[in-house]
There are 2 protein chains.
Amino acid sequence: MSSFQEFQARHDLSMEALCARILERHAATIRVKKPAVAIANLARIVETTLTLANRKGFHSMSLRDLTEQSGLSMGALYAYFDSKDTLLMMILGQVVGVVEEVLGRPPEALATDPAGRLRWLLETHLYLTEAMHPWFVFAYMEAKAFPKEGRELAVSSEMMTESMIADALADGVARGLFAVPDVTMAAVLIKPMLQDWYVKRAKHRRRGVTPDLYAEQLIAFVEAAVGLRTMQAAGR
Amino acid sequence: MSSFQEFQARHDLSMEALCARILERHAATIRVKKPAVAIANLARIVETTLTLANRKGFHSMSLRDLTEQSGLSMGALYAYFDSKDTLLMMILGQVVGVVEEVLGRPPEALATDPAGRLRWLLETHLYLTEAMHPWFVFAYMEAKAFPKEGRELAVSSEMMTESMIADALADGVARGLFAVPDVTMAAVLIKPMLQDWYVKRAKHRRRGVTPDLYAEQLIAFVEAAVGLRTMQAAGR
DNA sequence: AGATATAAAGCGAGCGCTCGCTCGTTTTTT
DNA sequence: AAAAAACGAGCGAGCGCTCGCTTTATATCT
């Protein structure tokens with residue numbers, strides 16, 4: 001069983017589970033009372049929004065497109081959000097929330113193992129973005145063009161993962177495991193390689209690269225860059 | 001004198017020079033006859049478009065915004081392009097053209113020096129995107145959302161630089177200089193680190209990172225990852 | 001169990017507005 | 001005075017969003 005499959009078994013990232021969380025968060029705005037109905041329709045709305053917005057941009061997607069593709073009427077849509085921007089923030093907020101949840105607490109066993117923690121961070125980031133691919137593409141592409149609140153959310157979320165990587169690196173340097181002149185800079189350079197997996201996923205797929213393969217090769221590349229001695233090299 | 005300054009001295013990438021090239025390319029569509037007038041107004045149009053589009057997205061920028069900020073009237077704008085999409089393609093086409101021109105032919109002295117060629121590619125890419133920062137942000141952000149022709153242009157341009165990097169790596173491996181298990185994969189991983197310089201330039205600037213510093217650190221990171229022996233290490 | 005009343009959910013034509021774009025007119029240059 | 005360039009009000013289409021209405025689900029009462 002691949003590591004990615006194990007990851008999926010550990011986390012329920014199904015559309016329904018994610019929309020249930022959106023419902024909790026936005027219970028104040030959503031006018032539909034019955035959770036089962038609300039979750040089912042939110043799923044239809046979000047699914048369609050991600051498809052259309054990732055194809056031609058959120059702003060270019062009209063609410064009429066959304067009614068046609070989702071099967072819900074104009075009025076029904078506005079029972080779930082009070083403006084198009086709120087719909088955007090629902091999706092963005094859920095992405096940020098899941099990132100905090102999944103990446104926020106590494107296994108305690110890795111607390112004293114910076115190399116393992118770095119590996120875990122890279123792997124988990126890739127698997128998470130693979131499992132929620134359209135969500136992350138959406139967040140990446142739309143975050144900057146929209147309300148201030150959304151941009152700040154996205155920036156602070158990115159800063160968090162970046163500093164987790166930097167911490168693992170600094171820890172490794174302190175233990176003499178890594179040789180990195182500037183850990184912040186190294187973390188800054190690693191981040192875009194993680195993002196590239198989902199931003200240009202079609203390209204990677206065309207080359208036949210799976211998430212597990214990308215994870216393996218990215219980790220090898222990064223470990224070489226930070227000067228981690230492999231077991232063979234260390235044994236010499 | 002910094003390398004970036006040398007780069008700027010070697011290439012005229014001023015707004016006027018770039019718009020002169022746009023005028024050549026689109027002489028058929030542009031209805032204004034006198035080159036001096038056409039170039040000056042194209043410069044105003046492109047400058048304003050880049051500013052507005054990079055702030056809120058090309059699609060969200062209305063032509064009325066553009067008239068107000070550029071000082072040209074609606075009718076005057078349409079003497080320079082026949083549709084909003086054509087304006088987009090003018091800018092995109094110029095970016096792709098300059099990339100081919102500047103990155104397309106490395107100094108001949110580096111033909112038998114893969115490490116030097118790799119360094120030159122990374123450095124030159126960073127300096128070029130720094131000198132034309134708003135252009136590249138525009139191309140990166142808007143390429144996917146717009147006409148098919150534009151997307152294909154952007155993809156093929158990216159493929160070109162990627163394969164130039166892969167070639168330098170393969171050459172280095174053949175000469176026993178680099179240790180890279182998969183040169184294509186390594187090139188794929190390097191590209192997003194190059195793009196990050198302009199995509200998140202505000203972040204880098206906030207940290208006080210100059211183009212020269214970023215170039216230096218990126219090159220060090222990549223050289224470590226591909227296993228290049230430094231002079232000191234080789235001398236041991 | 002069937003009839004009725006009430007609440008919940010969904011509907012979609014239409015409102016005010018802004019969009020990309022045109023074209024008859026005016027201004028500037030030669 | 002002719003040619004070139006710039007102007008900007010106005011067009012129809014399409015936008016986000018509202019609201020009076022219909023349909024469906026649930027509760028209540030014979």
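In what follows, chains carry the letters A, B, and so on, assigned in the order in which the sequence lines appear, proteins first and then strands, with residues in each chain numbered from 1. As the structure is a prediction and not an experimental result, all values here were calculated from the model.
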### Query
According to the interplanar angle, ranging from 0 to 90°, do the rings of A:Phe7 and A:Phe4 count as parallel (below 30°), tilted (30 to 60°) or perpendicular (above 60°)?
parallel
### Message
With no hydrogens and no angle check, just 3.5 Å: does a side-chain donor-acceptor pair link A:Thr51 and A:Thr48?
### Response
no
### Summary
Minimal heavy-atom distance between B:Arg25 and B:Gly97, with the atoms involved, is NH2-CA, 3.8 Å
## Note on the structure
Scanning both residues in full, the closest heavy-atom pair of B:Thr161 with B:Val99 reads CG2-CG1, 4.0 Å
### Comparing A:Lys34 and A:Arg31 on DNA chain D - which has the more 5′ nearest nucleotide
A:Arg31
#### Entry: B:Lys33 side chain near C:dT29 phosphate (N/O to OP1/OP2, under 4.0 Å)
no
### Interface residues of residues 49-86 of chain A with DNA chain D (non-hydrogen, below 4.0 angstrom)
A:Met61, A:Ser62, A:Leu63, A:Arg64, A:Met74, A:Gly75, A:Tyr78, A:Ser83, A:Lys84
### Task
Let me see the working for A:Glu130 and A:Arg205 under salt bridge (Lys or Arg N to Asp or Glu O under 4.0 Å), right down to the final yes or no.
CA-CA 12 Å; A:Glu130 171 67 12; A:Arg205 276 286 161 90; 2.7 Å; yes
### Query
Passes salt bridge (Lys or Arg N to Asp or Glu O under 4.0 Å), B:Glu162 versus A:Lys200? Steps please.
CA-CA 13 Å; B:Glu162 219 168 81; A:Lys200 313 219 189 90; 5.7 Å; no
## Note on the structure
Contacted region of DNA chain D by chain A, from 5' end to 3' end of the hits, cut-off under 4.0 Å to heavy atoms, spans D:dC15 to D:dT26
## Note on the structure
dist B:Glu216:CD -> B:Asp212:CG (nearest 0.5 Å) comes out at 8.5 Å
### Query
Roughly how far, to the nearest 0.5 Å, is the NZ atom of B:Lys84 from the CG atom of B:Leu77?
11.5 Å
